[in-house]
There are 2 protein chains.
Amino acid sequence: MPYHHGDLRRALLDTALEAIEEQGPAAVSLRDVARRAGVSHAAPTHHFRDKTALLTALAAEGWSLLADALREAAAGGGEFAELGVAYVVFATSHPAHFAVMRAPGLARTDDPDLEAAMGRASAEMRSGVRRFEAGSTRDADTTSLAAWSLVHGLAALILEGAVPLKADADVAEVARAVTARLRPPP
Amino acid sequence: MPYHHGDLRRALLDTALEAIEEQGPAAVSLRDVARRAGVSHAAPTHHFRDKTALLTALAAEGWSLLADALREAAAGGGEFAELGVAYVVFATSHPAHFAVMRAPGLARTDDPDLEAAMGRASAEMRSGVRRFEAGSTRDADTTSLAAWSLVHGLAALILEGAVPLKADADVAEVARAVTARLRPPP
DNA sequence: TCGCACATCTTGTCAATGGCAAGACCTCGG
DNA sequence: CCGAGGTCTTGCCATTGACAAGATGTGCGA
């Protein structure tokens, strides 16, 4: 093992994700992450000023990945609902990322990278809604906020355990059914 | 000051709420809560086994208060949308409670009291939806899940700062507009 | 009324954590 | 070849959560 870890920054991020999946984002300890990564307890300092900085980086990465997933879903050319499905599928397949993204107070919400990534995801939702609302006289901002709220809330409720999904339930199916309750443009 | 604090349990809960509003639910320290309440650092032990137990109690209290608010809104006899408005208004007017309710990993989700309180809120949403869906052939469970997701997501996005509300924006107005995007029964 | 069981609160202690400081080590440019 | 700077380590400190043991008040029954 070389003294200089190849890419400790990435290793720490990945290790943190593992720890979060096991213990939740609040219980993560920097020292434990360092231990898992095989470095000393102070090694992370050089890559992340803070524990908060590490979590903020993960949140930003999460929003960015989500934006990518939404863009890809939109490129698929399917119905608008596919955007919502992609959102919920992302949340359930990246639980650690999503947990940090919506955990209150863990990430530094005024971080420029985080703000940019959130903005990108939000813009992706909005552009999807714009197609949905083509020719409508309704306020597109309200519609996109409604759509975003719907899928964000569904994902949150599922991950909070507030919605006990049946074992054989397909998340995408549920998301599709729920998204269908959005009122189409007049 | 009496040796026996009149109702230390309640005092700790209230003090914790203050601390959460100031520093977020993740940064709350039991010792700080005890200090603010004017008792020794080990006093909370007798009322809450754990730090988690305190937060779990707060989460349960939050869901219970939310259920009450929903019931009251339903009793008002207004439109279904008023349920959604009540949900979002509750979240923004009880930010500390709502933060603990949706924070991943802070509360013990298998706690009986918490489960009961969440169930009560969920049932309140469902009964509201049942009126909304009267005479409809649609799956009421899906509709209530959609409604719940919509308002939960909107509240979460607002409190996460993902939706920058304009200073003069009325939360209830926004909630009403967003809720109106739900598709009415055929 | 008295005394005792018990809940309540306190002080003392321990391991673990986050963060800082100072030093060891490695790599790369000149 | 050597020094500068980035990378990582060891050492340290205050704070925290949890536990143990003791002090203090309260209320119940005899």
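Computed from heavy atoms alone, side chains included, the values below leave out hydrogens, waters and symmetry copies. As the structure is a computational prediction, the values presented were derived from the model and not from experiment. In the text below, chain A, chain B and the rest are named by the order of the sequence lines, each starting its count at 1.
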Participant: Sort and list the pairs that fulfil salt bridge (charged side-chain N to carboxylate O under 4.0 Å, His left out) and have at least one residue in residues 84-105 of chain A, not counting sequence neighbours.
Facilitator: R102(A)-E160(A)

Participant: Any donor-acceptor pair under 3.5 Å linking the side chain of R120(A) with the backbone of W63(A)?
Facilitator: no

Participant: Closer to the 5' end of DNA chain D via nearest nucleotide, is it H41(B) or S40(A)?
Facilitator: S40(A)

Participant: Return yes if a side-chain donor-acceptor contact under 3.5 Å exists between T142(A) and D139(A), otherwise no.
Facilitator: yes

Participant: Report yes if some heavy atom in the side chain of H46(A) is under 4.5 Å from a heavy atom in the side chain of L8(A); otherwise report no.
Facilitator: no

Participant: When you compare the side chain of L58(A) with that of I20(A), does any pair of heavy atoms fall below 4.5 Å?
Facilitator: yes

Participant: Contact between Y87(B) and H152(B) at the side-chain level, heavy atoms closer than 4.5 Å - yes or no?
Facilitator: yes

Participant: Under the rule for ring-ring contact (aromatic ring centres under 6.0 Å, His included), what residues qualify as partners of F132(A), not counting sequence neighbours?
Facilitator: F80(A)

Participant: Does anything in residues 89-98 of chain B pair up under side-chain hydrogen bond (donor to acceptor under 3.5 Å, both in side chains), and if so which pairs, sequence neighbours excluded?
Facilitator: E61(B)-H97(B)

Participant: Residues from residues 13-32 of chain B sitting under 4.0 Å of DNA chain C, heavy atoms only?
Facilitator: R31(B)

Participant: Among residues 46-58 of chain A, which ones have heavy-atom contacts with DNA chain C below 4.0 Å?
Facilitator: D50(A), K51(A)

Participant: Could you tell me whether E115(A) atom CD has more than 12 heavy atoms of other residues or ligands within 6.0 Å of it?
Facilitator: yes

Participant: Angle between the two end axes of the helix from dT1(C)-dA30(D) to dG30(C)-dC1(D), five base pairs per end, rounded to 10 degrees?
Facilitator: 0°

Participant: In whole Å, I'd like the distance from the CZ atom of R35(A) to the P atom of dT9(D).
Facilitator: 13 Å

Participant: Side chains of S122(A) and R126(A): donor-acceptor distance under 3.5 Å anywhere?
Facilitator: yes

